[in-house]
Every structure is written in structure tokens, then in C-alpha cells.
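Following: one structure in C-alpha cells, then a few remarks.
Position 1 is the first residue of the sequence; numbering continues from there.
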Amino acid sequence: MSYPTRLVLDTNTVMALWFFRDPGLTALHTALDSPRYVPCCREDALEELRRVLGYSQFAIAATEQTRILGSYRERVKLIAASDPAAETPLLPLCRDRDDQKFLEITRDATADYLLTRDKALLRLARHRLVRDRFQILTPERFVSDRLA
């Protein structure tokens, strides 16, 4: 595979990396600082991250929310939303409509990987409309397969 490798991280993966600082994902966090890996995102996914950072159960101070969002935003390549009138390759439909955007971002960015822990998204990895375009993996699997 040629470099840079394009990645899409769902919101839970971003939270695992930037808020929870999951020690099992340290290699991924480090890799995202390398020009070999380009995380791709779209404005609506950044807005979802902003909302999640504000959830009361996380009790994240406003300054820390701003820092996390800014740190992630600095690293991503922003992808424009697809024109609904344009002919774009079909994708399977997610049960959770909020997850559909991550498939779309991965497709539109011509990304190599979508990293998620979401079981419904992971099941779509075998779908005929996905399997030949990009891989859907857990971040842990990506680390063990690509960064170990």
C-alpha cells in the first residue's frame, strides 16, 4: 500500500485516543503525528465530537474540550460532504444513522481504513459494497496489523 495511508476514526476512537488516552492505542496516536498516516474527517463528524466532549458523564472542562477538539482538528484532512446530486459509489446503510457519515467520509476520502469499535460498523466490513474499497477494523487490530 502506498503512503500516506488515509484513515477515518469514528468518534469513539477519537475519544479513546485523545480523552481516555487508551494505552493500547499509544502507537496509533504516535502514528497520527507521522506524515505516513492522514486522518480524514468531515465537519459533521467534528461537530459530533464537539457534542460528545460536552456530555455531562465525561465532566470534561470547557478548556479541555477545546484543546481536544483543536488537537484532533489540526491533524485531520477535512473532506467536503458529497454532493447529493453527484453519482457516488453506493454504501450499505447503517442501522444507526449517525454512523453513516463515517462510511461516507471513508469513501469520499478514498481512505484505506475506517477505525471503530462499533459492532454494527465492524459487521459491515464484509459487505460487498465495502470489502473491496476499504477495511473496517478496530483500532486495536490496526495497531497489531500495521504498527506492531
Side-chain angles (χ1 to χ4, degrees), residues 1-55 57-58 60 65 68-148:
M1 186 171 300
S2 64
Y3 291 108
T5 300
R6 290 178 170 222
L7 309 169
V8 173
L9 314 177
D10 75 350
T11 302
N12 288 326
T13 301
V14 175
M15 290 293 289
L17 289 164
W18 271 269
F19 175 62
F20 295 108
R21 298 184 184 166
D22 184 331
L25 301 180
T26 302
L28 176 57
H29 199 277
T30 301
L32 293 174
D33 286 332
S34 160
R36 295 178 61 183
Y37 296 96
V38 176
C40 301
C41 198
R42 205 168 66 185
E43 286 292 342
D44 56 342
L46 288 171
E47 176 57 24
E48 178 178 287
L49 175 60
R50 187 197 61 74
R51 282 193 321 271
V52 169
L53 288 166
Y55 286 175
Q57 68 261 34
F58 297 131
I60 305 171
Q65 291 177 42
I68 291 170
L69 185 60
S71 177
Y72 181 61
R73 186 182 198 111
E74 286 173 1
R75 286 172 173 79
V76 300
K77 175 177 179 54
L78 280 178
I79 303 299
S82 310
D83 178 352
E87 283 193 39
T88 54
L90 293 175
L91 290 168
L93 293 176
C94 294
R95 287 185 184 178
D96 181 348
R97 290 184 56 204
D98 285 338
D99 290 337
Q100 191 70 33
K101 70 179 150 291
F102 296 107
L103 291 175
E104 293 169 2
I105 296 165
T106 308
R107 175 198 61 203
D108 296 345
T110 60
D112 304 292
Y113 299 94
L114 167 56
L115 303 184
T116 182
R117 291 174 173 161
D118 184 280
K119 290 185 186 341
L121 278 172
L122 289 165
R123 276 192 298 275
L124 291 176
R126 297 181 302 271
H127 194 285
R128 65 180 176 76
L129 296 174
V130 170
R131 67 179 172 240
D132 293 331
R133 287 197 202 134
F134 54 86
Q135 293 183 53
I136 303 174
L137 301 174
T138 64
E140 292 81 5
R141 174 85 185 269
F142 181 82
V143 167
S144 70
D145 287 0
R146 300 278 306 188
L147 303 175

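- Taking R95 as the reference, nothing meets the salt bridge (charged side-chain N to carboxylate O under 4.0 Å, His left out) condition, with sequence neighbours excluded.
- When all heavy atoms of L9 and F102 are compared, the closest pair comes out as O-CE2, 3.7 Å.
- A donor-acceptor pair is defined here as one N or O able to donate and one able to accept, closer than 3.5 Å; such a pair exists between the side chain of R131 and the backbone of R126.
- Heavy atoms only, all atoms of each residue included: C40 and I79 are closest at CB-CG1, 4.0 Å.
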**Request:** Please lay out, stage by stage, how V130 and L114 fare under the test side chain to side chain contact (heavy atoms under 4.5 Å, CB included).
**Result:** CA-CA 11 Å; V130 170; L114 167 56; over 6 Å; no
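- Residues R141 and T138 share a closest heavy-atom pair of N-OG1, 3.0 Å.
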**Item:** Stepwise side chain to side chain contact (heavy atoms under 4.5 Å, CB included) check, V14 with V52
**Value:** CA-CA 11 Å; V14 175; V52 169; over 6 Å; no
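- Within a 6.0 Å sphere centred on CZ of R21, heavy atoms belonging to other residues, nucleotides or ligands number 12 at most.
- In this structure, OG1 on T5 lies 5.5 Å from OH on Y37, to the nearest 0.5 angstrom.
- Distance check: R6 CZ to F134 CZ gives 14.0 Å after rounding to the nearest 0.5 Å.
- Counting heavy atoms from C-beta on, the side chains of L124 and D99 never come closer than 4.5 Å.
- Partners of R123 under the salt bridge (charged side-chain N to carboxylate O under 4.0 Å, His left out) rule, at least two apart in sequence or in another chain, do not exist in this structure.
- A pairwise comparison of heavy atoms in R75 and D33 identifies NE-OD1, 2.8 Å as the closest pair.
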**Asked** How far apart are the C-alpha atoms of D22 and R117, what are their side-chain angles, what is the distance that settles it, and do they pass the salt bridge (Lys or Arg N to Asp or Glu O under 4.0 Å) test?
**Response** CA-CA 13 Å; D22 184 331; R117 291 174 173 161; 2.7 Å; yes
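- Between P139 and the choices L25, D10, T116, the side chain to side chain contact (heavy atoms under 4.5 Å, CB included) rule is met once, by L25.
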**Item:** Derivation of the side chain to side chain contact (heavy atoms under 4.5 Å, CB included) call for M15 and I68
**Value:** CA-CA 9 Å; M15 290 293 289; I68 291 170; 5.6 Å; no
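- Annotation: the span from T106 atom OG1 to L91 atom CG amounts to 8.5 Å, rounded to 0.5 Å.
- A salt bridge is defined here as a Lys NZ or Arg NE, NH1 or NH2 lying under 4.0 Å from an Asp or Glu carboxylate O, and E43 with R73 meets this definition.
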**Asked** What do the steps show when you test F58 against L53 for side chain to side chain contact (heavy atoms under 4.5 Å, CB included), and what is the final call?
**Response** CA-CA 7 Å; F58 297 131; L53 288 166; over 6 Å; no
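- Counted within 6.0 Å of CZ on R51, heavy atoms from surrounding residues, nucleotides or ligands total more than 12; the atom is thus considered enclosed.
- When side chains are defined from C-beta on, Y72 counts as touching L46, because their heavy atoms get closer than 4.5 Å.
- Between H29 and W18, the ring-plane angle classifies as tilted under the 30° and 60° cut-offs.
- D44 CG to L49 CG: the interatomic distance, rounded to the nearest 0.5 Å, is 12.0 Å.
- Here the CD1-CG distance, from I105 to L78, works out to 9.5 Å after rounding to the nearest 0.5 Å.
- Looking at every heavy atom in both residues, L103 comes nearest to C94 through CD1-SG, 3.4 Å.
- In plain terms, the two heavy atoms of T11 and A45 that are nearest each other are OG1-O, 4.4 Å.
- Side-chain contact between R146 and L137 is absent, with no heavy-atom pair separated by less than 4.5 Å.
- A salt bridge does not link E104 with K101: none of the charged nitrogens is closer than 4.0 Å to a carboxylate oxygen.
- Distance CZ/R107 to CG/L90: 8.5 Å, rounded to 0.5 Å.
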